[in-house]
Chemist: 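I'd like to ask some things about the structure below.
Numbers restart at 1 for each chain; the letters A, B, ... are given by sequence-line order, proteins then strands.
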2 protein chains.
Amino acid sequence: MLSYTEENYLKALLKLSFQNEAKPEAGTNEMAAHLGVKPATATDMLKKLKEKELVNYKKYGKILLTDSGKQQAIAILRKHRLWETFLYEKLDFSWDEVHEVAEQLEHIQSNKLVDKLEEFLGFPEFDPHGDPIPKANGDMPKVEKILLSEVKEGEVCWVVAVKDTSTVFLQYLEKLEITIGTPIKVLERIDFDGSMSIQISDQEARNVSMKFAENLFITLHQR
Amino acid sequence: MLSYTEENYLKALLKLSFQNEAKPEAGTNEMAAHLGVKPATATDMLKKLKEKELVNYKKYGKILLTDSGKQQAIAILRKHRLWETFLYEKLDFSWDEVHEVAEQLEHIQSNKLVDKLEEFLGFPEFDPHGDPIPKANGDMPKVEKILLSEVKEGEVCWVVAVKDTSTVFLQYLEKLEITIGTPIKVLERIDFDGSMSIQISDQEARNVSMKFAENLFITLHQR
DNA sequence: AACATTTGTTAGGCAAGTCTAACTTTTATA
DNA sequence: TATAAAAGTTAGACTTGCCTAACAAATGTT
């Protein structure tokens with residue numbers, strides 16, 4: 001049985017792994033920042049999780065969930081998203097209120113509870129934020145994602161991943177204040193060179209190149 | 001904000017106070033036994049709770065909740081019983097399954113959650129075991145209830161709650177088709193061993209032990 | 001009232017999870 | 001490639017909640 005804290009580390013690792021499917025590893029500082037603890041603390045816990053064979057970890061190396069660790073992390077994510085759905089759908093919580101309480105509820109230990117809750121909610125596929133809810137067996141509806149370059153004029157989409165993971169590209173994204181989840185509206189497509197005019201979040205219109213648009217994964221349904 | 005553990009101590013103290021309304025105090029060993037810890041551990045925690053002015057406690061003295069402590073304990077009890085009701089009514093948990101999960105759920109911190117849950121359940125007055133659910137302000141419907149063992153021959157009564165909430169007892173009740181609200185007629189009392197012959201609903205006469213009769217709360221006025 | 005039993009406390013230790021400060025390794029850059 | 005910066009680790013300390021073992025107080029019994 002995992003402690004509350006151990007569960008949070010696994011969940012953080014799973015989340016970080018989603019941010020870059022090609023390289024689902026994380027660093028110690030990254031983990032620590034995500035969990036609101038100091039890097040030293042994360043190091044300690046990673047050693048412990050390694051002992052339990054939940055993560056692959058080596059000194060100064062990148063961190064990766066093992067199959068077992070991933071499975072457990074997905075179970076927690078499943079609970080989190082089901083509870084969010086419950087709060088939103090049944091108890092009239094607002095979009096931004098659900099997360100905090102679900103953070104607590106996700107640690108309740110009872111398989112029966114989770115499965116019954118899912119049934120009670122009518123086997124929902126997505127949570128209030130549009131994120132897919134893993135099934136009891138760990139299956140998770142794969143969300144179709146496309147490249148920004150495929151989006152039609154006037155459509156709004158949300159960033160879900162990057163194709164190119166080079167430093168230059170990532171730094172460019174950072175400069176544009178684009179991260180996972182950022183909404184983008186395609187204002188105009190220029191056929192001549194494949195560039196486009198887009199609106200990032202609530203920023204002013206801005207032009208980006210075809211190369212740029214072909215390296216950013218987005219989805220048309222917020223998640 | 002109280003820790004999970006502190007909350008459990010307060011709740012235990014409240015429960016013990018219910019066991020003898022005239023003397024709602026508890027002893028260190030009693031507390032420890034109830035919580036499954038050693039007396040030394042309870043002593044430590046009681047000092048801490050005294051610091052926080054949640055209990056009245058003096059070396060070698062009896063332990064009593066302060067007003068503030070009682071208030072907090074009741075809030076926890078409220079959550080526990082609302083969650084039990086939720087599990088039983090909405091998720092089809094059985095009588096004897098609700099407690100364990102509610103033990104976890106009662107520690108979730110969110111006033112909004114509790115109040116919304118109560119509303120969702122239709123402001124129930126009693127939980128699945130027949131125990132009254134405290135209101136948000138701490139009010140708790142006072143129920144006059146007596147033990148089946150106190151009922152005179154020939155009288156009819158209605159089950160309102162169970163004293164023993166162990167799985168064996170609850171499953172026995174289930175087998176006898178006794179739930180909250182079931183009418184029982186006391187046909188005969190055997191002075192020799194305290195057992196009695198009773199009629200459950202419209203079933204045939206049946207003998208039950210003194211131990212049984214001393215663990216079933218009933219009321220003489222249908223509710 | 002004296003002694004035995006029960007009840008409760010103290011002292012010292014342990015594990016989990018956190019921290020700070022100092023150190024080491026890796027990575028980036030001039 | 002040498003050096004600076006970033007990333008990561010180690011050591012030592014703190015808090016919470018728990019334990020055991022030894023001791024102290026209160027209670028019950030003859």
Side-chain angles (χ1 to χ4, degrees), chain A residues 1-13 16 19-20 23-65 69 72 76 103-104 107 109 165-172 174-175, chain B residues 1-13 16 19-20 23 25-52 54-65 69 72 76 103-104 107 109:
Chain A
M1 177 126 311
L2 299 177
S3 75
Y4 189 105
T5 311
E6 288 168 332
E7 289 198 347
N8 281 333
Y9 277 81
L10 292 186
K11 196 184 52 161
L13 216 30
L16 291 173
Q19 288 183 11
N20 183 346
K23 284 190 179 175
E25 319 132 326
T28 305
N29 286 2
E30 204 179 355
M31 286 283 296
H34 202 270
L35 289 159
V37 298
K38 300 294 168 189
T41 309
T43 299
D44 286 348
M45 181 56 84
L46 289 169
K47 285 185 197 163
K48 198 171 143 196
L49 294 175
K50 189 207 166 136
E51 275 312 299
K52 296 194 177 185
E53 297 186 29
L54 295 167
V55 303
N56 287 324
Y57 165 70
K58 268 181 202 148
K59 254 201 202 181
Y60 298 104
K62 289 294 173 189
I63 308 140
L64 203 59
L65 285 168
Q72 306 221 36
I76 299 160
E103 284 283 300
Q104 297 180 61
H107 297 291
Q109 306 281 179
T165 60
S166 70
T167 307
V168 270
F169 187 52
L170 294 176
Q171 284 184 347
Y172 184 29
E174 218 165 294
K175 192 174 143 203
Chain B
M1 177 128 310
L2 299 177
S3 75
Y4 188 105
T5 310
E6 288 168 331
E7 290 199 346
N8 280 334
Y9 277 81
L10 293 186
K11 196 184 53 162
L13 218 30
L16 291 172
Q19 286 181 13
N20 184 347
K23 284 188 181 177
E25 319 131 325
T28 305
N29 286 2
E30 204 179 356
M31 286 284 297
H34 201 271
L35 289 159
V37 299
K38 299 294 167 186
T41 308
T43 299
D44 286 349
M45 182 57 84
L46 288 169
K47 284 185 196 165
K48 198 171 143 194
L49 293 175
K50 188 204 165 139
E51 275 313 299
K52 297 194 176 184
L54 295 167
V55 303
N56 286 324
Y57 166 70
K58 267 182 202 148
K59 253 201 202 183
Y60 298 104
K62 289 295 175 189
I63 308 141
L64 204 59
L65 285 168
Q72 306 222 36
I76 298 160
E103 285 283 301
Q104 298 180 61
H107 298 290
Q109 308 281 178

Chemist: Do B:E30 and B:L16 touch side chain to side chain, with heavy atoms closer than 4.5 Å?
Modeler: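 The answer is yes; the side chains approach within 4.5 Å.
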Chemist: Can you measure B:M45 atom CE to D:dT15 atom C1' for me and round it to whole angstrom units?
Modeler: 12 Å
Chemist: Figure out the CD/P separation between B:E51 and D:dT15, and round it to whole Å.
Modeler: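 Between P of D:dT15 and CD of B:E51: 14 Å.
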Chemist: With sequence neighbours left out, write down each residue that passes ring pair (Phe, Tyr, Trp, His ring centres under 6.0 Å) with A:H34, or none if nothing qualifies.
Modeler: none
Chemist: Whole Å only: how far is the CG atom of B:L35 from the P atom of D:dC19?
Modeler: 10 Å
Chemist: Just the table, please: protein N/O against nucleotides 6-9 of chain D N/O, every pair under 3.5 Å.
Modeler:
unit_1, atom_1, unit_2, atom_2, d
D:dG8, OP1, A:T28, N, 3.3
D:dG8, OP2, A:T28, N, 3.3
D:dG8, OP2, A:N29, N, 2.7
D:dT9, OP1, A:Y57, OH, 2.2
D:dT9, OP1, A:Y60, N, 3.1
D:dT9, OP2, A:T28, OG1, 3.0
D:dT9, OP2, A:T43, OG1, 2.8
D:dT9, OP2, A:Y57, OH, 3.2

Chemist: Tell me whether the side-chain N/O atoms of B:Y9 come closer than 4.0 Å to OP1 or OP2 in D:dC18.
Modeler: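 For D:dC18, OP1 or OP2 has a side-chain N or O of B:Y9 closer than 4.0 Å.
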Chemist: Once you round it to whole Å, what is the distance between C1' of C:dT7 and CE of B:M31?
Modeler: 15 Å
Chemist: Whole-Å distance between D:dT15 P and B:D44 CG?
Modeler: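 Atom CG in B:D44 sits about 15 Å away from atom P in D:dT15.
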Chemist: Residues in side-chain contact (heavy atoms from CB on, under 4.5 Å) with A:A32, at least two apart?
Modeler: A:V37, A:P39, A:A42
Chemist: Within the structure shown, what part of the strands sits under 4.0 Å from A:Y4 by heavy-atom distance: base, sugar-phosphate, or nothing?
Modeler: nothing
Chemist: Using atom CG of A:N8 as one end and atom C1' of C:dA16 as the other, report the distance to the nearest whole Å.
Modeler: 14 Å
Chemist: Using the test side-chain contact (heavy atoms from CB on, under 4.5 Å), find all partners of B:K38 that sit at least two apart in sequence or belong to another chain.
Modeler: B:T41
Chemist: Identify, with sequence neighbours excluded, every residue that meets side-chain contact (heavy atoms from CB on, under 4.5 Å) alongside A:Q72.
Modeler: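 Only A:L2, A:L10, A:L54, A:S68 meet the side-chain contact (heavy atoms from CB on, under 4.5 Å) criterion with A:Q72.
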Chemist: Round to a whole Å and report the spacing from NZ of B:K38 to P of D:dT20.
Modeler: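 Going from B:K38 (NZ) to D:dT20 (P), I get 5 Å.
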Chemist: Find the distance B:K50:NZ to C:dG8:C1' and express it as a whole number of Å.
Modeler: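 These atoms are roughly 15 Å apart.
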Chemist: Report yes if the side chains of A:N8 and A:L35 come closer than 4.5 Å at any heavy-atom pair, otherwise no.
Modeler: yes
Chemist: Using the salt bridge (charged side-chain N to carboxylate O under 4.0 Å, His left out) rule, collect all pairs that involve residues 2-11 of chain A, keeping only residues at least two apart or in two chains.
Modeler: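 Non-adjacent pairs meeting salt bridge (charged side-chain N to carboxylate O under 4.0 Å, His left out): A:E6-A:K48, A:E6-A:K52, A:K11-A:E103, A:K11-A:E106.
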Chemist: Remember a base hit wins even if backbone is also touched, and classify A:T5 as base, sugar-phosphate or nothing at under 4.0 Å, heavy atoms.
Modeler: sugar-phosphate
